[in-house]
Amino acid sequence: MPTEAAELVFDEATKVYPGRDAAAVDHLSLTVPAGEICVLVGPSGGGKTTALKLVNRLIPLTSGYIRIDGRQIGDYDVTELRRSIGYVIQQVGLFPHMTIEGNIGTVPRLLGWKRERIRDRVGELLELVGLDPEEDRKRFPAELSGGQRQRVGLARALAANPALMLMDEPFGAIDPIVRARLQDEFLRLHREVRKTVVFVTHDVDEAIKVGDRIAILREGGRLAQYDTPQQILEHPVDDFVADFVGRDRALKALTLKTLGDLELSPATDDGLPRLSADTSLRDALAVAVAERREALLVVGPDGSPLGVAKREDLLR
Amino acid sequence: MVSSAFVDAFRFMPSHFSLLLEKAAQTAELAFAALAIALLIALPIGLWLGHRHRGLPLALGVSSLGRSLPSVVLIGLGIAILGVGFWNNALALVVLAVPPILTNTYFAVEGVDSDAVEAARGIGLTETQILTRVELPLGLPLLLAGLRIAAVFVIATATIAGIFGGGGLGDIMARQVTYGLGGVFAAAIWVAGLALLTAAALALVQRAASRRMAPRA
Amino acid sequence: MTAQRFADGPVIPNFGKPSACLRDNGWFCTDWIHEHWGDTLQPALIQHIQLTLIAVGIGFAISFALALVALRFGFLDPPLGVFTDFLYTIPSLALFQLLVPLSGVTVTTVEIALVSYTLFILYRNIVVGLRSVPPEVLESARGMGLTRRQTFLRVELPLAMPAILAGLRIAVVATISIATVAAFLIEDGLGAPIFAAIGTPDLFKTELVAAGGLAILLALTADALLTLAQRALTPWNRVR
Ligand SMILES: Nc1ncnc2c1ncn2[C@@H]1O[C@H](COP(=O)(O)OP(=O)(O)O)[C@@H](O)[C@H]1O
Ligand SMILES: [Mg+2]
């Protein structure tokens, strides 16, 4: 199993639970390129969790194939497979009797790493997920907040440097403000450690924010559309997808671009609202509407004017 | 030898049926009197402390102490203080029965879902009504479990009291010379039967109580 | 049967020059305790500890095995629960008697009876402890690639520790208390001096108080030690 990001392929993957007529995942075919975040999104009961658990063989496939870097998952030793895949779930599932250090070091210990190396790795990971490498490592899960626990869950999944991460509604139980921060940090972290990630959510906004690609599953585990967020918002393939992403999909699409992406008119400073170039078009539009302006002044990180964005430019 | 002892015992039972019945009644009388007194003492204290969510150390301490007191020692002390008779034994039995009833009552009431209590308070029930209409019914299964433990305890100890002149089935068990091995054996079987019957009856009540509480499927 | 010896009752032994306290049958005559610590109390205490340790040790091994079986084959749990409950319900004195035809008037009979009392407490607690592990913890253990065995040893067993140790504590204390009744059958443990004291014509109070006090003290000490062990072994339970 490689430790670099791996390509993940679902090839007609199907799961029918024993005693059920309908499939939970139905002939699912999609490819997640190495290093990308693929978000599985869809209504509750759409087979997202099932699809995820098929990958680390917590649930056996009924038919079809799943390949990691070209090799079928069935060909790996199941223990080895799971140890090389990071797994994060909504309820986190930290071991209550182990300290944070013990939790994060679980898989490295099983892999026989030296104590020294585990200690360093734990410190590194705690820093990466925004916890205190000295203070927090000796604490028990019961001493942490929900957000902190999920950070530890993430660090634990990353511990043995897996090639692939599976995340099942990781931020689903966390309040909106902390969730937004965790999403931002997760994206920053992903830029640092390029892993292939399959990320399950039922929240379209989260999918759009986090995903390089989004797979929309409909009831019965059938793939409705697999595309970039931009494509899905601008060209939903059918009414189901259009309904699912919502009537405000045009507005949602605006979150994908920033003012810096626009072609700006020359700056003519006459008291326009000043917004930095990394403001999303959606936020910029909100300002324009609230302040009843037809144009906004875009400024660089140092505050120097870059140009003017007209209201109609935002909406093009 | 195994078979002969049991054969003797089962011969003894029909021939001494009225004796066994009389002795069993003595044991039961002692045990149930003690249980009733223990209930009168432990129930109000447990209910009150549990309702107020107070006295956890007391509840835990009483249960620890209760388990560490050997029944023989209590009976001995009872005899030393009150002399041989009904009351010394009843006293020892009450002392043994109070801890499990008190502790279980306490935890039964204390552990009732605080949302339910809150809701009851919210719709204007008085504290007494909360105790009798919410906490007591919800805690009943656990409370009855404590009563069952106490009952088993008390019957076992009432038998021991018998061998020190307290009468009852223990009296037969201590007099092999008079009643023979078969008699000793028959009494032992009757004691076991008495305890099992009592426990089974309380288990049925307990089950009925918890079924009433369970949401219908 | 040995119960007979209470009918004749041991006569108060010859103390040489009995103290005023002894002549008045006082509650706590230190001279007697001093004199008979070595030949009566201490040996009885040691025997009592042995009786208890053997019973709880064997009871724990049996309960643990039964609990594993019940967890593997869930349908066996209710009958096993009823069986251990049944054993627990039979009064100790009766159980001792009923076992005599099988194993005689021996220490084995006493141990069998004591073991069968521990089963009820230990079996329940081990099963409850092992079952209480949250499903998401088990799922993440599996997802991380822990084998069944590793999951059991590293996750389920440690998490069941609080319940198991609580059961052990109750079982030890209860066994210390019930083991005093064993002296009805054989002269062993702290029950022997207690029965002897009660059997004396006008009830020898000092011996009753000394031996009974030792039994209570032993139980309370064991309770305290196991509580400390419980805290030391489950540090995660103390937080918050
Ligand atoms: N262990 C199981 N046994 C039988 N059916 C299951 C099991 N787990 C999930 N299902 C069914 O499979 C379908 C998909 O479930 P799931 O993958 O959990 O969906 P999602 O995660 O998208 O909410 C649902 O209809 C669910 O009831
Ligand atoms: Mg799900």
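Just so it is clear, the values below take in all heavy atoms, side chains as well, and ignore hydrogens, waters and symmetry mates.
- The part of A:Arg156 that comes within reach of chain C is its side chain, from C-beta onward, which places non-hydrogen atoms under 4.5 angstrom from that chain.
- More than 12 heavy atoms of other residues, nucleotides or ligands sit less than 6.0 Å from atom CZ of C:Phe152.
- For A:Arg109, the CZ atom is densely surrounded, since the number of other residues' heavy atoms within 6.0 Å is greater than 12.
- Nearest heavy atom pair, residue C:Gly143 against residue A:Leu58, reads N-CD2, 4.0 Å.
- Atom NE2 of A:His202 has 12 or fewer neighbouring heavy atoms from other residues, nucleotides or ligands inside a 6.0 Å radius.
- Looking at A:Leu166, there are no atoms closer than 4.5 Å to chain C (heavy atoms on both sides), in backbone or side chain.
- Heavy atoms of A:Val78 lying under 4.5 Å from chain C are absent altogether.
- Other residues, nucleotides and ligands contribute more than 12 heavy atoms inside 6.0 Å of the CZ atom of C:Phe64.
- Of the two parts of A:Ile89, only the side chain, counted from C-beta on, holds a non-hydrogen atom closer than 4.5 Å to a non-hydrogen atom of chain C.
- When each of A:Gln90, A:Met98, A:Gln91 is checked for heavy-atom pairs under 4.5 Å with chain C, A:Gln91 comes out on top.
- Residues A:Phe95 and C:Ser140 form a side-chain contact, since some pair of their non-hydrogen atoms from C-beta on lies under 4.5 Å apart.
- Residues C:Thr147 and A:Leu110 have side chains not in contact (no heavy-atom distance under 4.5 Å, counting atoms from C-beta outward).
- At distances below 3.5 Å, at least one donor-acceptor pair connects side-chain atoms of A:His97 with backbone N or O atoms of C:Arg154.
- The two residues C:Val137 and A:Leu94 make their nearest non-hydrogen contact at CG2-O, 3.4 Å.
- Within the 4.5 Å cutoff, no side-chain heavy atoms of A:Tyr87 are placed close to those of C:Arg142.
- Separation of atoms CE (C:Met144) and CZ (A:Arg83) is listed at 9.5 Å; rounding is to 0.5 Å.
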